[in-house]
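So you know, we letter chains A, B, ... as the sequences are listed, proteins then strands, and number each from 1.
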Amino acid sequence: MANNVYRPIRADLLEVKPETPTIKTFRIAPDEPIAFRAGQFVQLTVPGVGEAPFTPSSSPSVQEEMAITVLRTGTVTDVLHQMEDGAELGLRGPFGKGYPTEKMQGHNLVVVGGGVGLAPLRSLLHHVFEHPEDYGRVAICYGARNPSELLYKDSFADWVSDQVSFDVTVDVPDETWDGKVGVVTNLLEDFDFDIEKCYVVSCGPLIMLRFVALTCLNVGFKPEQIYLSMNRKMSCGFGKCGRCNIGPLYLCKDGPDVCYDEIKDYKDAFSV
Amino acid sequence: MPSLKFIPDDRLVELLLLVPGERKVANVQSDGSELWEHVEAAQPAEVNAGLRAARPFYSAKSVLMPVSEVIARYGRAEGDPLDEAAQATMAVIGVRGCECRALAYLDKVMLDEPMADPFYEARRKNATIVGVDCALAADSCFCNLLGETAYPEVNFDVNLSPIGGGLLAEAGSEKGELVMAEAASLLSDATAEQVAERDAMRQRTAEQLASQNADYEFPEDFVESLPTTLEELFWRVELGNCVQCGGCTAVCPQCYCFLMFDRGSGEGAYERARAWDSCQFTGYSQMAGPPGTVKPDPRRDHMSKFQHRFAHKFWYNPLIMGILGCVGCGRCADTCPGGIDLRKVLSQVNTEYARHG
Ligand SMILES: Cc1cc2nc3c(=O)[nH]c(=O)nc-3n(C[C@H](O)[C@H](O)[C@H](O)COP(=O)(O)OP(=O)(O)OC[C@H]3O[C@@H](n4cnc5c(N)ncnc54)[C@H](O)[C@@H]3O)c2cc1C
Ligand code: SF4
Ligand code: SF4
Ligand code: FES
């Protein structure tokens with residue numbers, strides 16, 4: 001029988017963990033293991049409802065199961081958020097290139113997340129934490145609209161080490177918040193390490209990505225050093241259905257993480 | 001030219017019935033209108049007339065990539081639609097030169113990395129392509145302006161050239177050689193006069209094209225010129241005529257976009273289907289988000305959708321695969337309710353580029 005890439009692999013929903021009022025993490029075990037690189041994404045099927053693309057937030061070294069952290073925002077994610085342990089899902093993938101981790105070896109990393117955008121970055125962080133000798137210093141900069149929308153709060157302290165720093169800010173504080181206030185790009189202004197041998201990796205809302213790129217350029221990074229996780233509506237996941245392009249790049253197969261240098265000249269990259 | 005054979009008009013259908021394929025579809029002319037029809041179901045004269053007419057409105061794409069189809073079943077649903085597609089064979093008859101070139105483009109998209117579209121791959125592999133020379137060009141055809149010929153040069157198994165009293169047949173692949181061998185009793189070697197007649201027919205079509213397109217001039221390098229003109233006024237004038245119907249992308253032999261969707265097909269059973277989509281539609285790249293909020297849709301305004309069709313075909317695609325995303329068939333102009341003609345748009349690109357460059 002021919003191999004039909006459009007057919008989802010059956011998967012069990014093992015556990016649902018609420019993260020914020022609008023975000024939950026789903027632990028999922030596919031019937032056949034799916035080996036993914038950090039930054040590669042999967043198409044998650046909610047049976048009968050449809051598919052949506054998500055980048056696993058768990059470690060790429062675990063293939064038997066994966067965690068996907070999902071913001072509730074529309075048809076598929078609404079139904080997904082109502083599902084409970086033991087439900088049946090489907091998965092296709094992995095798709096995309098993933099983060100250029102080989103290229104990043106021996107470099108410092110600035111990891112910039114906004115809102116649910118920290119989820120895909122967490123798989124990269126897992127990878128880096130599992131291979132600390134391959135990377136230099138790592139600065140994690142995280143921002144959310146308000147304190148209740150921060151993901152993975154329990155893990156922040158565990159991430160910090162001699163090698164890894166963690167900085168967080170919110171746009172709008174509440175009475176529980178005594179940390180930094182302001183947009184995440186404020187965290188990008190000074191680093192106590194060499195930014196010449198460094199890559200910036202960012203995931204978050206489109207408007208944030210644009211300002212991350214501009215701020216980094218201001219601070220002295222070159223366009224080739226900046227990698228952005230660009231989101232587009234996706235359907236097929238492997239370059240056939242046509243909809244996910246920025247200029248000549250198809251994000252599902254050439255991305256979703258692309259170098260700022262490759263997209264900066266195309267009007268449709270940041271057009272809102 | 002030993003490989004050129006003559007098939008008389010009254011034996012044509014017999015030849016076509018020898019072409020492998022459970023389904024044999026040809027673009028036929030019936031009562032003054034054209035349609036893709038099973039050869040067995042059509043009158044021989046209608047089949048013959050179809051091969052002598054100008055290129056059909058619906059290209060071979062609509063046969064190789066159906067408007068909509070089920071592409072997977074899951075849950076308790078049984079059977080895989082791919083198994084059916086992998087077994088079905090067909091002959092596609094009357095494929096014009098532009099469509100054969102369009103297949104080269106579709107092959108690149110659909111068969112290339114990171115993996116092939118399994119449905120396209122199966123259909124393409126199981127299809128025998130019978131090409132045909134254009135003895136007549138449509139008024140909107142402009143393949144000549146893109147440096148192309150009005151007869152198939154690539155991607156055909158057998159090609160037919162209409163001449164007086166019959167057609168010349170030529171094999172373009174091993175599959176085609178086999179058809180010709182099997183049909184040997186129907187065929188005779190082409191005479192020098194018949195070959196000369198074919199060359200004259202090709203020359204006439206080339207002259208028709210040169211004459212009907214004499215007023216248009218395209219830029220030499222689209223990748224360089226097109227991006228520099230995007231702010232010019234002529235785009236706004238053209239845009240004013242577009243009603244976003246998506247007709248242009250539907251009839252284009254090279255437009256391939258589709259959208260997938262799932263639905264229930266029984267208790268615990270589901271199927272996944274796909275249907276043609278268009279970059280001209282609002283939903284094409286609409287992003288998620290709560291109702292009422294501003295979503296970061298790319299190409300939100302009409303102009304950027306409109307220009308995207310041109311940008312993809314004449315700017316991005318040369319960068320991606322070194323060929324244009326257009327073969328100059330003119331179908332988009334024929335279908336457009338706003339009368340938007342690519343020849344005019346691209347000539348304006350040329351004029352403006354020359355003015356500023
Ligand atoms: C590579 C990639 C990785 C992603 N990773 C995550 C993640 O880890 N966590 C997370 O919460 N979200 C992620 N997203 C965004 C997520 O895919 C969308 O929020 C989701 O598709 C919304 O689906 P919906 O049916 O609930 O929304 P609706 O608005 O009802 O969506 C309708 C249709 O549009 C498509 N669509 C709409 N918006 C998007 C979008 N932004 N990206 C892709 N397709 C879209 C959907 O697939 C669906 O077919 C990712 C998007 C991409 C492209
Ligand atoms: S056929 Fe014409 S009116 Fe319709 S979307 Fe295309 S350009 Fe616009
Ligand atoms: S863009 Fe128009 S002229 Fe060009 S191949 Fe498509 S339908 Fe034909
Ligand atoms: S998602 Fe289909 S081409 Fe990228």
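With rounding to the nearest 0.5 Å, the separation of CD in Gln43(A) from CE in Met260(B) is 6.5 Å. To the nearest 0.5 Å, atoms CE (Met303(B)) and NZ (Lys267(A)) are separated by 7.5 Å. Of the inter-residue distances, the one linking Tyr284(B) atom OH with Cys241(A) atom SG reads 7.0 Å to the nearest 0.5 angstrom. A distance of 6.5 Å separates CG of Asp112(B) from NZ of Lys240(A), quoted to the nearest 0.5 Å.
Most heavy-atom pairs under 4.5 Å with chain A, from the set Arg263(B), Met115(B), His312(B): that is Met115(B). With respect to chain A, the highest number of heavy-atom pairs below 4.5 Å among Ser265(B), Gly264(B), Cys255(B), Ser285(B) belongs to Ser285(B). No other option in Phe258(B), Tyr120(B), Tyr256(B) has as many heavy-atom pairs under 4.5 Å with chain A as Phe258(B). For the set Arg232(A), Glu88(A), Lys253(A), the count of heavy-atom pairs under 4.5 angstrom toward chain B peaks at Arg232(A). Ranked by heavy-atom pairs shorter than 4.5 Å toward chain B, the options Gly50(A), Cys236(A), Gly247(A), Gly74(A) are led by Gly247(A).
Remark: Tyr58(B) OH is loosely packed, at most 12 non-hydrogen atoms of other residues, nucleotides or ligands lying under 6.0 Å away. Within 6.0 Å of the CD atom in Glu220(B), the count of heavy atoms belonging to other residues, nucleotides or ligands does not exceed 12. Within 6.0 Å of CD in Gln82(A) there are more than 12 heavy atoms belonging to other residues, nucleotides or ligands. In the displayed structure, Glu113(B) atom CD is contacted under 6.0 Å by more than 12 heavy atoms of other residues, nucleotides or ligands.
Looking at Ile71(B), the atoms closer than 4.5 Å to chain A (heavy atoms on both sides) sit in the backbone and in the side chain alike. Within the 4.5 angstrom heavy-atom criterion, only side-chain atoms of Phe119(B), from C-beta onward, approach chain A. Contact annotation for Arg210(A): neither backbone nor side-chain heavy atoms come within less than 4.5 Å of a heavy atom of chain B. Heavy-atom distances place the side chain of Gln307(B), and not its backbone, under 4.5 Å from chain A. Only the side chain of Arg274(B) has a heavy atom closer than 4.5 Å to any heavy atom of chain A. Proximity to chain B (any heavy atom under 4.5 Å) is shown, for Arg243(A), by both the backbone and the side chain. Contact annotation for Asn231(A): both backbone and side-chain heavy atoms come within less than 4.5 Å of a heavy atom of chain B. Using a 4.5 Å cut-off between heavy atoms, Ala122(B) does not touch chain A at all. Only the backbone of Val46(A) comes within less than 4.5 Å of a heavy atom of chain B; no side-chain atom from C-beta onward does. In this structure, chain A has no heavy atom under 4.5 Å from any part of Asp301(B). Phe261(B) does not touch chain A: none of its heavy atoms, backbone or side chain, sits under 4.5 Å away.
One side chain, Asn245(A) or Arg299(B), offers a donor N or O that lies under 3.5 Å from an acceptor on the other. Side-chain polar atoms of Thr45(A) and Arg272(B) form a donor-acceptor pair below 3.5 angstrom.
Between Val5(A) and Pro118(B) there is a side-chain heavy-atom pair separated by less than 4.5 Å. With a 4.5 Å cut-off on side-chain heavy atoms, Tyr316(B) and Tyr250(A) do not count as touching. Between Asp117(B) and Tyr6(A), some side-chain heavy-atom pair lies under the 4.5 Å cut-off. At a threshold of 4.5 Å between non-hydrogen side-chain atoms, the residues Lys233(A) and Leu259(B) count as touching.
Here the closest non-hydrogen pair linking Asp262(B) and Val49(A) is CB-C, 4.2 Å. The two residues Cys257(B) and Gly242(A) have their closest heavy-atom pair at SG-CA, 3.7 Å. In plain terms, the two heavy atoms of Val109(B) and Gly239(A) that are nearest each other are CG1-O, 3.9 Å.
Cation-pi contact between Arg7(A) and Tyr74(B): absent, since separation from the ring centre below 6.0 Å together with deviation from the ring axis within 45° is not met.
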